[in-house]
Amino acid sequence: MKIGVIGGGQLGRMLALAGTPLGMNFAFLDPAPDACAAALGEHLRADYGDQDHLRQLADEVDLVTFEFESVPAETVAFLSQFVPVYPSAEALRIARDRWFEKSMFKDLGIPTPAFADIQSQADLDAAVAAIGLPAVLKTRTLGYDGKGQKVLRSAADVTGTFAELGSVPCLLEGFVPFTGEVSLIAVRARDGETRFYPLVHNTHDSGILKLSVASSEHPLQALAEDYSSRVLKQLDYVGVMAFEFFEVDGGLKANEIAPRVHNSGHWTTEGAECSQFENHLRAVAGLPLGSTAKVGESAMLNFIGSVPPVDKVIAIDDCHLHHYGKAFKVGRKVGHANLRCADKATLEAQILKVEALIAEQ
Ligand code: AMP
């Protein structure tokens, strides 16, 4: 089976690493000459709106999937005429726009921060009056890793801020005084069967994910699965979806969804019986889903900007290096380390060792 992937970054690369043993081949559509997934499959180097290359991709593959959600709607519509596309155009439409996303949560009875659609500075002033400060202004589309957003703490932060974010449609959200951030990785098959990985506790630095730790029997697991199931059913979703939640007042508020494999699920490569990457491919290909059970205690640490010396990383017991083969650049995710340990105490000690290597960079 040949899988077409829109996007050729590290997520595409890890999909190919998981799918190759299943006998799958891969073609990646990505305009970047140095797309790091290209090492694992065919690289169609073209813009996402290039219909000649989209047609070529559709002719060559059995199905198409995505490694990022900001794919133009026309690209999905065009491809869908010729080849099955998972997840659906509707799932991408909702997930790439924070207004649609939060409105869907609200319609499904899933708690979220207070939110308002912002089309002008006047809308922003009115929404701040209604929601109060502190609040977070985010562009409705194309934001990631904390980009395209600003925390508003005082009236001075509000003045001129709509223009500062580019005068594009935005969402204002009430600031959530969360005690933690967790994510749930779910996978749903074509026949509706759904499986969930254990909740992951995430720590960010300047909006970029730094550390994910897989939990054991988290008290909010059942609630997170309930909220996530509502979304998956509503969208008749196929594939892996990530749900990000704030932990607040002993409950959960939904922050966002990602209709794809997700950074906070990277630990599953060594830490779960079947990884998020393999399960995504199983789901979209119509194959039986694999077990989402955790194997030991697991964590993932991102390498941002550079990868510490390979020999030092792999000298740490229980440590598995994933190097994306990308050029090093400040703020760019260029690799990660997965830790899989027998017990929590060992995991905590090994996390400190990897963090010490990162700090030496
Ligand atoms: P996002 O791009 O929406 O995932 O936001 C990036 C990070 O900003 C989140 O992981 C949180 O740490 C923080 N953040 C986003 N929205 C809020 C909010 N409404 N209240 C408090 N912190 C937030």
Side-chain angles (χ1 to χ4, degrees), residues 1-3 5 9-26 37 40-41 62-67 84 86-87 91 182-202 209 212-218 221-222 224-225 228-229 231-233 237-244 257-301 318-322 324 336-342 347:
M1 179 177 281
K2 190 162 180 179
I3 313 278
V5 184
Q10 65 265 22
L11 301 180
R13 181 175 164 112
M14 288 185 273
L15 283 170
L17 284 168
T20 303
L22 302 182
M24 293 173 174
N25 296 305
F26 291 83
L40 279 299
D62 297 288
L63 63 92
V64 170
T65 190
F66 306 93
E67 61 131 44
Y86 300 108
V182 291
S183 57
L184 185 70
I185 309 292
V187 60
R188 189 169 186 272
R190 288 192 198 169
D191 66 2
E193 185 193 352
T194 304
R195 296 186 182 193
F196 301 95
Y197 289 92
L199 268 175
V200 180
H201 187 266
N202 299 313
L209 182 65
S212 291
V213 181
S215 61
S216 305
E217 294 170 18
H218 195 292
Q221 179 82 29
E225 291 187 9
S228 305
S229 295
V231 171
L232 294 165
K233 276 194 204 124
Y237 190 80
V238 177
V240 161
M241 181 178 272
F243 297 80
E244 294 186 45
I257 54 175
R260 54 173 168 78
V261 290
H262 191 256
N263 197 170
S264 68
H266 288 1
W267 63 275
T268 60
T269 301
E270 283 85 16
E273 286 185 7
C274 182
S275 75
Q276 63 162 349
F277 304 102
E278 182 174 333
N279 255 335
H280 179 74
L281 293 168
R282 288 181 182 222
V284 298
L287 297 168
L289 298 182
S291 165
T292 49
K294 193 156 72 86
V295 185
E297 300 297 337
S298 271
M300 186 265 348
L301 294 102
D318 311 310
C319 186
H320 303 267
L321 174 63
H322 296 260
Y324 305 155
H336 68 269
N338 282 346
L339 292 167
R340 186 189 60 204
C341 304
L347 182 69

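Nothing here was measured: the structure is a model prediction, and the numbers come from that model. Along the sequence shown, the residues carry numbers beginning at 1.
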Side chain of [X], backbone of [Y]: donor and acceptor closer than 3.5 Å?
X    : Y    : result
E67  : G9   : yes
S298 : R340 : no
T292 : F196 : yes
T194 : G192 : yes
Y237 : P259 : yes
S215 : L199 : yes
R282 : P288 : yes
N25  : K2   : no
R195 : G290 : yes
Q221 : Y197 : yes

Nearest 0.5 Å, please: how far is [atom2] in [Y] from [atom1] in [X]?
X    : Y    : atom1 : atom2 : result
I3   : T20  : CD1   : OG1   : 10.5 Å
E225 : F243 : CD    : CZ    : 10.5 Å
R260 : Q276 : CZ    : CD    : 9.5 Å
L15  : E278 : CG    : CD    : 11.0 Å
N279 : T268 : CG    : OG1   : 8.5 Å
S183 : L209 : OG    : CG    : 7.5 Å

Compare every heavy atom of [Y] with every heavy atom of [X], then report the nearest pair and how far apart it is.
X    : Y    : answer
P87  : T65  : CD-OG1, 3.9 Å
A285 : L63  : CA-CD2, 3.9 Å
I185 : S264 : CD1-OG, 3.8 Å
E297 : A214 : OE1-O, 4.4 Å
A283 : A189 : CB-CA, 4.2 Å

Steps toward side chain to side chain contact (heavy atoms under 4.5 Å, CB included) verdict (E270, H322): CA-CA 11 Å; E270 283 85 16; H322 296 260; 3.1 Å; yes
Side chain to side chain contact (heavy atoms under 4.5 Å, CB included) between V261 and M14, intermediate numbers included: CA-CA 9 Å; V261 290; M14 288 185 273; over 6 Å; no
Pair listing, ring-ring contact (aromatic ring centres under 6.0 Å, His included) test, anchored in residues 267-297, at least two apart: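 Qualifying pairs: H266-F277.
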Side-chain heavy-atom pair N263, N202 within 4.5 angstrom cut-off: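 In short, these two side chains do not touch, never coming nearer than 4.5 Å.
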No-hydrogen, no-angle side-chain donor-acceptor test under 3.5 Å, H262 and E244: yes
